[in-house]
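Below is one structure, written out as structure tokens; comments come after it.
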Amino acid sequence: MKLGLAIRELHRSEGGLAKDLVKLAERHAVEHEVHYVALDLARWSRDHVRALASAGRAYDVQLSEEAPSSFGPMAALRTTVAELSGRRPEPGVLLLADLRRLHREVAGVSLDWELLAQGAQAVKDTDLLDVASRCHPQTLRQLKWTNAMLKVLSPQVLAS
């Protein structure tokens, strides 16, 4: 059975997503909506990492309960650069690029949740299916947020 591999990969992807959401929040600290929502969405991904670590035990997969942290020496630098650059046009282009990359990353995580749910259904693992059913809707909300932010910001940034 390869569900352990799927759990491991999704755990890695969710951990990376949590880290990237925090980086986005730090890098674009002057964009308050982006900053605070990204931090909230990162919390969801950290919760997903914990849920996957717990679910992995049933498949003899040992995973960390904690997502990798993006805090460190670069975190303060990213925040300072964001504050110094303010609302010049260049940060807008950078924000669009960051949101595009993040949107593609979240889409991949969403697909991984779909695959895991299908696998759980195939082997009739109701506990794993419950985890996927609880976590995947939050990932879909993360995807909707990145899409909405791209739609809202792109006209302002690209037409200026």
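Note that the structure is a prediction, hence the values are computed from the model and not measured. Numbers for residues simply follow the sequence, beginning at 1.
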Between atom [atom1] of [X] and atom [atom2] of [Y], what is the distance when rounded to the nearest 0.5 Å?
{"X": "L102", "Y": "M149", "atom1": "CG", "atom2": "CE", "value": "11.0 Å"}
{"X": "S13", "Y": "R8", "atom1": "OG", "atom2": "CZ", "value": "12.5 Å"}
{"X": "L10", "Y": "L17", "atom1": "CG", "atom2": "CG", "value": "10.0 Å"}
{"X": "W44", "Y": "L21", "atom1": "CH2", "atom2": "CG", "value": "10.5 Å"}
{"X": "H48", "Y": "H11", "atom1": "NE2", "atom2": "NE2", "value": "12.5 Å"}
{"X": "L52", "Y": "S64", "atom1": "CG", "atom2": "OG", "value": "11.5 Å"}

Q. Applying salt bridge (charged side-chain N to carboxylate O under 4.0 Å, His left out), which residue pairs with at least one partner in residues 138-160 are found, sequence neighbours left out?
A. none

Q.
Considering only residues two or more places apart or on different chains, which pairs with a residue in residues 100-113 satisfy salt bridge (charged side-chain N to carboxylate O under 4.0 Å, His left out)?
A. D20-R101, R101-E105

(Q) Determine whether a donor-acceptor pair (N or O, by modelled atom type, separation under 3.5 Å) exists between the side chain of T146 and the backbone of L143. (A) yes

Q) Do E14 and W113 have side-chain N/O donor and acceptor atoms under 3.5 Å apart? A) yes

(Q) Between S45 and Q142, is there a side-chain donor-acceptor contact under 3.5 Å, judged purely by atom types and distance? (A) yes

(Q) Any salt bridge linking E9 with R12? Criterion: basic side-chain nitrogen under 4.0 Å from a carboxylate oxygen. (A) yes

So which heavy atom on [X] is nearest to which on [Y], and how close?
{"X": "G4", "Y": "V61", "answer": "CA-CG2, 3.6 Å"}
{"X": "H28", "Y": "L94", "answer": "CE1-C, 4.0 Å"}
{"X": "G92", "Y": "V157", "answer": "C-CG1, 3.6 Å"}
{"X": "L116", "Y": "A6", "answer": "CD1-CB, 3.9 Å"}
{"X": "L140", "Y": "S110", "answer": "CD2-OG, 3.4 Å"}
{"X": "A55", "Y": "L128", "answer": "CB-CD1, 3.8 Å"}

With side chains defined as the heavy atoms from C-beta onward, is the minimum distance between [X] and [Y] less than 4.5 Å?
{"X": "L129", "Y": "K124", "result": "no"}
{"X": "R46", "Y": "E66", "result": "no"}
{"X": "L63", "Y": "V49", "result": "no"}
{"X": "R50", "Y": "D47", "result": "yes"}

Q) According to a 4.5 Å side-chain heavy-atom criterion applied to Ile, Leu, Val, Met, Phe, Trp and Tyr, with indirect links allowed, do V93 and L24 form part of one hydrophobic cluster? A) yes

Q) Going hydrophobic residue to hydrophobic residue with side-chain gaps under 4.5 angstrom, can you get from W145 over to L150? A) yes

Q: Please step through side chain to side chain contact (heavy atoms under 4.5 Å, CB included) for the pair L158 and L96, ending with a clear verdict.
A: CA-CA 9 Å; L158 298 175; L96 280 184; 4.0 Å; yes

Q | Derivation of the side chain to side chain contact (heavy atoms under 4.5 Å, CB included) call for L153 and L99 | A | CA-CA 10 Å; L153 295 172; L99 285 168; 3.7 Å; yes

Ignoring hydrogens and angles, write down the donor-acceptor pairs under 3.5 Å from the side chains of residues 33-41, residues two or more places apart or on other chains.
unit_1	atom_1	unit_2	atom_2	d
H35	ND1	A25	O	2.7
D40	OD1	R43	NH1	3.0
D40	OD1	R43	NH2	3.2

